[in-house]
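Reviewing the structure listed below.
Throughout, residue positions are numbered sequentially from 1 according to the sequence presented.
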Amino acid sequence: MMIRKIIEAEQTVYFVLAVAAVIFWEYISNVLYFLLSLYVGYVIVKVVKDIIRKAIDAWILQKY
């Protein structure tokens, strides 16, 4: 009887740890996705800014 309670308690602990691991992994993946989104947004803004700057420079050179 005592061994059965120990086994059941161990299974409960493993189940709780598995649920905690899934929740932790979900949190980590959300943070990584957020950071990746920020980086991609930064790169897009940088590229668009450079394109606009080159277009303005070309327009100024054509005008003068």
Side-chain angles (χ1 to χ4, degrees):
M1 191 71 169
M2 183 71 166
I3 295 175
R4 183 175 181 184
K5 285 185 179 183
I6 292 173
I7 291 173
E8 289 175 358
E10 187 177 356
Q11 288 175 349
T12 304
V13 169
Y14 285 145
F15 179 74
V16 170
L17 289 176
V19 170
V22 169
I23 292 171
F24 184 69
W25 178 251
E26 182 76 19
Y27 174 75
I28 293 297
S29 64
N30 285 340
V31 168
L32 290 175
Y33 180 74
F34 176 71
L35 291 175
L36 179 64
S37 298
L38 283 178
Y39 178 72
V40 169
Y42 170 76
V43 169
I44 290 172
V45 167
K46 186 177 176 184
V47 167
V48 169
K49 180 189 71 157
D50 290 343
I51 290 172
I52 291 172
R53 183 169 288 158
K54 285 180 184 178
I56 290 173
D57 289 346
W59 178 73
I60 289 173
L61 288 176
Q62 284 179 352
K63 191 170 183 177
Y64 296 107

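Its side chain within the 4.5 Å cluster rule, Phe15 clusters with Val19, Ile23 among the Ile, Leu, Val, Met, Phe, Trp and Tyr residues. The other residues sharing a hydrophobic cluster with Val13 are Leu17, where clustering joins ILVMFWY side chains under 4.5 Å apart.
Val48 pairs by the side chain to side chain contact (heavy atoms under 4.5 Å, CB included) definition with Ile44, Ile52, not counting sequence neighbours. Under the side chain to side chain contact (heavy atoms under 4.5 Å, CB included) criterion, Val22 pairs with no residue at all, not counting sequence neighbours.
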Distance-only criterion, 3.5 Å: show the donor-acceptor pairs between side-chain atoms of residues 24-43 and protein atoms not counting sequence neighbours.
unit_1 : atom_1 : unit_2 : atom_2 : d
Ser29  : OG     : Trp25  : O      : 3.1
Ser29  : OG     : Glu26  : O      : 2.9
Asn30  : ND2    : Glu26  : O      : 3.3
Ser37  : OG     : Tyr33  : O      : 2.9

